[in-house]
Amino acid sequence: MKIALIGYGKMGQEIEKIALERGHEIGLKIDISNQQDLTVENLKACDVAIEFTIPASATANYSLCFDAGIPVVSGTTGWLDKKEQVYRECTEKNGTFFYGSNFSVGVNLFFELNKKLAELMAPRSEYDVEMTEVHHTQKLDAPSGTAISLADDMLNILPGKDTWVNDAIPAKNELNIKSEREGQVPGIHTVRYESDIDFIEITHSAKSRKGFAFGAVLAAEYCLDHKGILNMKDLLNL
Ligand SMILES: NC(=O)C1=CN([C@@H]2O[C@H](COP(=O)(O)OP(=O)(O)OC[C@H]3O[C@@H](n4cnc5c(N)ncnc54)[C@H](OP(=O)(O)O)[C@@H]3O)[C@@H](O)[C@H]2O)C=CC1
Ligand SMILES: O=C(O)C1=N[C@H](C(=O)O)C[C@H](O)C1
C-alpha cells in the first residue's frame with residue numbers, strides 16, 4: 001500500500017517506521033516545509049493518506065483527500081467543532097474518513113471499560129467523578145481528544161452530568177477534566193469516582209507513541225476494503 005503521510009512530526013515519523021515494517025511504501029511525505037507538494041494530483045498517486053498535523057490545518061487536508069478520491073485516516077485532535085461539516089463533505093464526495101481521537105488498541109478497550117464503569121456508577125449518587133489527562137508540554141490542545149471521547153461517553157450514561165468543563169471548579173452537573181502538561185509524557189488518562197468513604201480509579205498510560213502509530217497503520221489497511229465514515233469500534237469489532 002502506498003501511503004501519503006500528511007504531517008511528519010512526532011506521530012508522522014513513528015507511523016513511517018511501523019508502515020515500513022509492515023511492508024508499505026511512503027509515496028508522499030508532507031510537512032510545513034514542503035506544503036506546496038500537498039496537491040490532489042500527488043495524493044491521487046497514493047492509496048491512502050494518514051494525517052497527523054495541527055487543529056488549524058486538518059480539515060483543509062481532509063478536503064484535498066476527498067477531492068483526490070483517496071481514504072484519509074486522521075488522528076489530529078482539536079478540530080471537532082467542524083465535525084458535522086467534515087462528515088457532510090465526506091458523504092457528498094463519496095469519500096472515506098477514518099477518525100480516531102486515539103488509535104491505541106488499549107485506549108479503545110479502555111473506552112469500553114469506561115462506559116461499563118459509568119453504567120455501574122449511574123445509580124450511585126454518593127460518588128462524584130472527575131478526569132485527569134497528562135501529556136507532554138508540546139501538546140497544542142486541551143483537553144485531549146481522548147479525554148473528550150471519554151467524557152462524551154460518560155455524559156451519555158451518567159444522569160447527574162450534563163456537560164464537561166476543563167480545569168474549572170465544576171458545578172454539580174459538570175464533569176471536570178484536569179489537563180496537566182509535563183515533560184515528554186505520551187499520554188495518561190484517569191477517570192476517578194470518589195465518595196466519602198472510598199474512590200475507584202481507572203487509568204490508561206501509554207508507554208510510548210508506538211501504540212497510536214500501530215493503530216493508525218491498521219486503520220489505513222482497513223480503509224482499503226471498507227468505505228465511508230469509519231472508526232476504531234468498526235476495526236476492532238467493539
Ligand atoms: N489520535 C491519536 O492516536 C493521536 C493523536 N495525536 C494528535 O496528532 C496531532 C499531531 O501530533 P504530533 O505528531 O505529536 O505533533 P507534532 O507537532 O510533532 O507534528 C505535527 C506536524 O504537522 C506539521 N504541520 C503543521 N501544519 C501542517 C500542514 N498544514 N501541513 C502539513 N504538515 C503540517 C508540523 O510541522 P512543523 O513542526 O514544521 O510546524 C509537525 O511536523 C495532534 O493533534 C495530536 O493531538 C497525537 C498522538 C496520537
Ligand atoms: O497530542 C498527543 O500527544 C496525543 N493526542 C491525542 C489526544 O489528544 O487524545 C492522543 C494521545 O493521548 C496523544
Side-chain angles (χ1 to χ4, degrees), residues 3-18 26 28-39 42-43 49-65 72-83 97-111 114 131-153 164 166 177-191 203-220 230-233 235-236:
I3 301 174
L5 271 185
I6 310 179
Y8 194 60
K10 292 181 281 302
M11 279 304 295
Q13 291 170 41
E14 200 65 38
I15 288 164
E16 179 180 42
K17 277 189 238 160
I18 308 267
I26 307 300
L28 187 63
K29 209 187 290 185
I30 300 291
D31 212 333
I32 212 83
S33 58
N34 67 338
Q35 245 187 317
Q36 69 283 356
D37 293 339
L38 184 59
T39 61
N42 286 341
L43 286 169
I50 304 185
E51 203 273 1
F52 280 74
T53 61
I54 56 168
S57 72
T59 60
N61 295 335
Y62 306 154
S63 291
L64 283 171
C65 296
V72 54
V73 171
S74 179
T76 304
T77 50
W79 59 271
L80 285 182
D81 53 324
K82 303 196 186 76
K83 184 174 161 184
F97 182 61
F98 192 130
Y99 176 67
S101 61
N102 196 309
F103 279 96
S104 139
V105 172
V107 161
N108 284 274
L109 299 176
F110 187 71
F111 286 155
N114 175 54
M131 200 193 309
T132 307
E133 56 99 349
V134 189
H135 283 87
H136 53 92
T137 51
Q138 302 97 58
K139 186 158 178 63
L140 295 181
D141 54 320
S144 67
T146 308
I148 295 173
S149 298
L150 288 163
D152 285 345
D153 284 341
W164 58 261
N166 189 211
I177 306 173
K178 292 190 204 163
S179 294
E180 294 172 12
R181 297 293 172 256
E182 222 178 274
Q184 301 301 319
V185 178
I188 304 173
H189 292 87
T190 299
V191 176
T203 295
H204 179 276
S205 188
K207 291 184 174 178
S208 71
R209 292 187 175 80
K210 197 171 177 180
F212 311 139
F214 179 68
V217 175
L218 287 186
L230 307 170
N231 59 42
M232 288 298 276
K233 273 179 79 84
L235 189 156
L236 296 171

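Whatever order the structure lists ligands and atoms in, that order sets their numbers, starting from 1.
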**Request:** Check each atom of ligand 2 against the heavy atoms of Asn102 and keep those under 4.0 Å away; list them by number with element.
**Result:** 10 (C), 11 (C), 12 (O)
**Message:** Give me the nearest non-hydrogen protein atom to atom 12 (O) of ligand 2 as residue plus atom name, then the distance to 0.1 Å.
**Reply:** His135 NE2, 2.6 Å
**Atoms of ligand 2, numbered as shown, that sit under 4.0 Å from any heavy atom of His189** = 12 (O)
**Complete:** In this structure, atom 7 (C) of ligand 2 is nearest to the protein heavy atom Gly145 N, 3.4 Å
**Item:** Value rounded to 0.5 Å, distance of OH in Tyr62 from OG1 in Thr76
**Value:** 5.0 Å
**Prompt:** Can a donor-acceptor pair be found between the side chains of Thr53 and Glu51 at a distance below 3.5 Å?
**Reply:** yes
**Message:** For atom 3 (O) of ligand 2, what is the closest protein heavy atom, and at what distance to 0.1 Å?
**Reply:** His136 NE2, 2.7 Å
**Asked** Short question: side chain of Ser104, backbone of Gly211 - any donor-acceptor pair under 3.5 Å?
**Response** no
**Asked** Can you tell me if Asn42 uses its side chain to pair, donor with acceptor, with the backbone of Leu38 under 3.5 Å?
**Response** no
**Asked** Do you know which of Thr39, Ile32, Asp31 makes side-chain contact (heavy atoms from CB on, under 4.5 Å) with Gln35?
**Response** Ile32
**Message:** Quick check: closest heavy atoms across Ala219 and Phe103, and the distance to 0.1 Å?
**Reply:** CB-CE2, 3.7 Å
**Message:** Can you list everything that forms a side-chain contact (heavy atoms from CB on, under 4.5 Å) with Leu236? Sequence neighbours excluded, please.
**Reply:** Val105, Asn108, Met232, Leu238
**Message:** With heavy-atom distances below 4.0 Å as the criterion, list the atoms of ligand 2 near Ser144.
**Reply:** 7 (C), 8 (O), 9 (O)
**Item:** Over all atoms of both residues, closest heavy-atom pair of Ile6 and Ala49
**Value:** CD1-CB, 4.0 Å
**Request:** Decide yes or no on salt bridge (charged side-chain N to carboxylate O under 4.0 Å, His left out) for Glu182 and Lys139, but give the supporting numbers first.
**Result:** CA-CA 10 Å; Glu182 222 178 274; Lys139 186 158 178 63; over 6 Å; no
**Message:** I'd like to know whether ligand 2 has Phe212 as a neighbour, heavy-atom separation below 4.0 Å.
**Reply:** yes
**Message:** Rounded at 0.5 Å granularity, tell me how far NZ in Lys83 sits from OH in Tyr99.
**Reply:** 8.5 Å
**Prompt:** Quick one: nearest non-hydrogen protein atom to atom 9 (O) of ligand 2, plus distance?
**Reply:** Thr146 OG1, 2.5 Å
**Asked** Could a heavy atom of Arg209 be found less than 4.0 Å from some atom of ligand 2?
**Response** no
**Request:** Below 4.0 Å from any atom of ligand 1, which residues have a heavy atom? Give them in chain and number order, please.
**Result:** Gly7, Tyr8, Gly9, Lys10, Met11, Ile30, Asp31, Ile32, Gln35, Phe52, Thr53, Ile54, Ser57, Gly75, Thr76, Thr77, Gly100, Ser101, Asn102, Phe103, Lys139, Asp141, Phe212
**Passing candidate, side chain to side chain donor-acceptor pair (under 3.5 Å) with Thr77, options Asn102, Asp141, Thr146** = Asp141
**Item:** atom 6 (C) of ligand 2: nearest protein contact (heavy atom, Å)
**Value:** Ser101 O, 3.7 Å
**Asked** Under a heavy-atom criterion of less than 4.0 Å, does Pro186 contact ligand 2?
**Response** yes
**Request:** Would you mind checking which non-hydrogen protein atom is closest to atom 1 (O) of ligand 2, with the distance to 0.1 Å?
**Result:** Lys139 NZ, 2.9 Å
**Message:** Tell me whether the rings of His189 and His135 are parallel (<30°), tilted (30 to 60°) or perpendicular (>60°).
**Reply:** perpendicular
**Request:** Measure Met11 to ligand 2 on non-hydrogen atoms and call it side chain, backbone, both or neither using the 4.0 Å cut-off.
**Result:** neither
